[in-house]
Undergrad: 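Mind looking over this structure? Questions follow.
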Amino acid sequence: MKKFRVERVDPEPFKEKILHLWQDNMIGSPPGRYDWLKRGNPAGETVWLAALAEDSREIGGMISILPREVWVRGRRVRTGILGDFVVDKPYRVFGPTWLLPKAAVDSFRDLGFAWLYTLPNAQTRKIVERVGFRDLGQMKYLVKPVAVGHYLHTALGPVLAKAAGTVVDAALRRVARETYAFGRYALESVSEVSEEFDRLWDRVRASQEGAVGDHSSAYLRWRYLDNPLFDFSLLTCREGGCGGLSGYLVYKITDRRLEIYDYVADDSRCFGALMKALVRLARDSGCFAIYTTVFEDHPLLPALKWYLFVDARYEMRLFHLGDEESVGRRLSFLAGDRNI
């Protein structure tokens, strides 16, 4: 049986092995993600921990700590997202499965992180609990149907589902809150972020009671516009048409699903205008629903329920390890904060 030792490594000499591990264990993770993680993150470089065989220095598995700046009541806190936890198939019953997360836990403070968080799957949940992570709460997966016929297709067949869906959709539009959202707002899709995003972010972060992830223009550019995994879009909101930036949404469309990843605003009224535009966009794009992920005590949750988002009943728990005080009284985390 091979013995392994976990070390922090420069990933470049192991690049091909890392890509191989991703291909086998992280379906849909493109090779370009490797270079993206190595550059551009304003919170700092990714920490790569590898389980190396003592006799050959062969990689048996890897885990990463992805730096993430979080602001708590106006104070910047350096946190890390524990992710990319993969173990090569021949060694899953040996040491790396336990050694890798334990090494991350043992070293995170020395690496300059105040706390770590992760959203483990069913297979890794017991492991992260064993090394000391605490269940902080639920990330709720919410859905707002915009084309009910999609959900009726299996039960009624294509013809009846289309007819019934048309009737139900029309009824939903009459009661939907966004139908009656008004205000002097100008909405625009943008492909660049400028200094006015920083000015908005400065205003928003100063008003937060709990922990909110960095939303500087540098982060938005790297996290969304340069992302090799998905094509993200930004929808901005301005009061009066020519005023300053009041808020924005980040979203993507995949497989007829529109998913909201981020929302930042210093004017709560612009959420209705953004939702009205987003629902129209979803219908025009042939989407059957709008989805988002939100932590259970996020201040946006009441507004999402007001706009008829319902719980999709998909279990996701957020686990935390480290400085309890720096978490704050609530976590203002959305889908974009789940991982990188």
Side-chain angles (χ1 to χ4, degrees), residues 1-39 41 45-68 80-108 111 116-133 139 141 223 226-230 252 254-255 257 259 261 293 314-319 321 335-340:
M1 182 177 71
K2 283 184 179 293
K3 292 185 177 181
F4 291 89
R5 182 176 60 212
V6 177
E7 298 178 12
R8 181 181 181 181
V9 299
D10 174 0
E12 197 61 28
F14 304 103
K15 180 177 179 178
E16 293 305 317
K17 181 62 177 181
I18 293 172
L19 295 179
H20 174 75
L21 287 170
W22 285 0
Q23 183 178 359
D24 287 350
N25 299 276
M26 295 164 55
I27 298 173
S29 187
R33 183 173 180 269
Y34 172 87
D35 294 321
W36 177 68
L37 286 178
K38 285 203 66 182
R39 58 177 173 77
N41 185 350
E45 294 183 3
T46 299
V47 175
W48 308 75
L49 300 175
L52 302 173
E54 292 184 352
D55 58 352
S56 64
R57 294 189 64 82
E58 174 189 0
I59 289 185
M62 293 200 71
I63 199 166
S64 300
I65 304 177
L66 312 173
R68 179 84 162 101
I81 307 173
L82 195 67
D84 297 339
F85 180 23
V86 291
V87 176
D88 214 357
K89 291 179 182 178
Y91 309 121
R92 288 179 184 171
V93 296
F94 301 121
T97 300
W98 157 251
L99 290 174
L100 285 164
K102 185 177 185 302
V105 168
D106 290 344
S107 63
F108 80 93
L111 292 168
L116 302 180
Y117 70 92
T118 187
L119 277 84
N121 56 32
Q123 289 73 37
T124 58
R125 176 169 176 168
K126 289 184 178 180
I127 298 170
V128 301
E129 287 181 308
R130 184 181 174 189
V131 297
F133 278 82
M139 292 290 287
Y141 193 43
R223 174 67 175 87
D226 296 337
N227 196 302
L229 278 77
F230 303 109
K252 70 176 179 69
T254 309
D255 298 328
R257 299 166 180 255
E259 184 164 4
Y261 265 67
T293 306
Y314 182 77
E315 181 72 9
M316 287 184 289
R317 309 293 301 183
L318 190 148
F319 282 74
L321 176 76
D337 299 293
R338 283 177 52 189
N339 49 40
I340 290 178

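Residue numbers count from 1 along this sequence. All heavy atoms count here, side chains included; hydrogens, waters and symmetry mates do not. Everything numeric in this text was worked out from a predicted model, so none of it was measured.
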Undergrad: Answer whether the closest heavy-atom distance between the side chains of R317 and R125 falls below 4.5 Å.
TA: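 Yes; the side chains approach each other to less than 4.5 Å.
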Undergrad: For a side-chain contact (heavy atoms from CB on, under 4.5 Å) check, start with the C-alpha distance between L52 and F4, then their side-chain angles and the critical distance, and finish with the verdict.
TA: CA-CA 5 Å; L52 302 173; F4 291 89; 5.7 Å; no
Undergrad: For E45, does the CD atom have more than 12 heavy-atom neighbours from other residues, nucleotides or ligands under 6.0 Å away?
TA: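 Counting neighbours around CD of E45, 12 or fewer heavy atoms of other residues, nucleotides or ligands fall under 6.0 Å, so no.
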Undergrad: Which heavy atom of V6 sits nearest to which heavy atom of A103, and what is that distance?
TA: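 Between these two residues, the closest heavy atoms are CG1-CB, 3.4 Å.
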Undergrad: Any heavy-atom pair between the side chains of R8 and W48 that's under 4.5 Å?
TA: no
Undergrad: Nearest 0.5 Å, what's the CD-CD1 distance between E16 and I59?
TA: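 So the CD of E16 and the CD1 of I59 are separated by 11.5 Å.
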Undergrad: Is it true that, when you exclude K252 itself, more than 12 heavy atoms of the residues, nucleotides or ligands shown sit nearer than 6.0 Å to its NZ?
TA: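 More than 12 within 6.0 Å, yes.
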Undergrad: Heavy atoms, side chains only, cut-off 4.5 Å: are M316 and R338 in contact?
TA: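 Yes, their side chains come closer than 4.5 Å.
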Undergrad: L119 vs F319, test: side-chain contact (heavy atoms from CB on, under 4.5 Å). Steps then yes/no.
TA: CA-CA 6 Å; L119 277 84; F319 282 74; over 6 Å; no
Undergrad: Looking at D255 and R257, would you say the former's side chain and the latter's main chain have a donor-acceptor pair under 3.5 Å?
TA: no
Undergrad: Has the side chain of N121 got a donor or acceptor atom that lies under 3.5 Å from a matching backbone atom of T124?
TA: yes
Undergrad: Does this structure show an ion pair linking K38 with E12, if we count only N-O contacts that are shorter than 4.0 Å?
TA: yes
Undergrad: Is a salt bridge present between R68 and D337, judged by a nitrogen-to-oxygen distance below 4.0 Å?
TA: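 Yes, this pair counts.
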Undergrad: Counting only heavy atoms not in Q23 (residues, nucleotides, ligands), do more than 12 fall under 6.0 Å from its CD?
TA: no
Undergrad: To the nearest 0.5 Å, what is the distance between OH (Y117) and CG (L321)?
TA: 14.0 Å
Undergrad: For residues I340 and P67, report the shortest heavy-atom separation together with the two atoms involved.
TA: CD1-O, 3.9 Å
Undergrad: ring-ring contact (aromatic ring centres under 6.0 Å, His included) with F133: which residues, sequence neighbours excluded?
TA: none
Undergrad: Tell me the closest heavy-atom pair linking P101 and P96, and the distance in Å.
TA: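 Scanning both residues, the minimum pair turns out to be CD-O, 4.2 Å.
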Undergrad: Is any side-chain N of the basic residue among R39 and D35 closer than 4.0 Å to the acidic one's carboxylate O?
TA: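 No, R39 and D35 are not salt-bridged.
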Undergrad: Test D88 against L21 for side-chain contact (heavy atoms from CB on, under 4.5 Å), laying out the working first.
TA: CA-CA 7 Å; D88 214 357; L21 287 170; 3.9 Å; yes
Undergrad: Quick one: closest heavy-atom pair of P120 and V128, and the distance?
TA: CG-CG2, 3.8 Å
Undergrad: Could you tell me whether the side chain of Y91 and the main chain of A51 form a donor-acceptor pair under 3.5 Å?
TA: no
Undergrad: Hey, what do you get for NZ (K15) to CG (L19), rounding to the nearest 0.5 Å?
TA: 6.0 Å
Undergrad: Mind checking the CH2-CD1 spacing from W98 to I127? Nearest 0.5 Å is all I need.
TA: 9.5 Å
Undergrad: Do L66 and L37 have side-chain heavy atoms sitting under 4.5 Å apart?
TA: yes
Undergrad: Compare all side-chain heavy atoms of M26 with those of D84 and state whether any distance is below 4.5 angstrom.
TA: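 With C-beta onward as the side chain, the pair touches.
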Undergrad: If you look at every heavy atom in L100 and I63, which pair is closest and at what distance?
TA: O-CG2, 3.8 Å
Undergrad: Please identify each residue that fulfils salt bridge (Lys or Arg N to Asp or Glu O under 4.0 Å) with R223, with sequence neighbours left out.
TA: none
Undergrad: Any side-chain heavy atom of S64 within less than 4.5 Å of one from L49?
TA: no
Undergrad: When you compare the side chain of Y141 with that of E315, does any pair of heavy atoms fall below 4.5 Å?
TA: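 No. Closest side-chain heavy atoms not under 4.5 Å.
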Undergrad: Taking the side chain as C-beta and beyond, is there a heavy-atom pair between I65 and L116 under 4.5 Å?
TA: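 Heavy-atom side-chain distance check passes, below 4.5 Å.
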Undergrad: Is the shortest distance from a Lys or Arg side-chain nitrogen in D55 or K2 to a carboxylate oxygen in the other one below 4.0 Å?
TA: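 Result for this pair is yes, salt bridge flagged.
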Undergrad: For V9 and M62, what are the C-alpha separation, side-chain angles and deciding distance, and is it a side-chain contact (heavy atoms from CB on, under 4.5 Å)?
TA: CA-CA 10 Å; V9 299; M62 293 200 71; 4.1 Å; yes
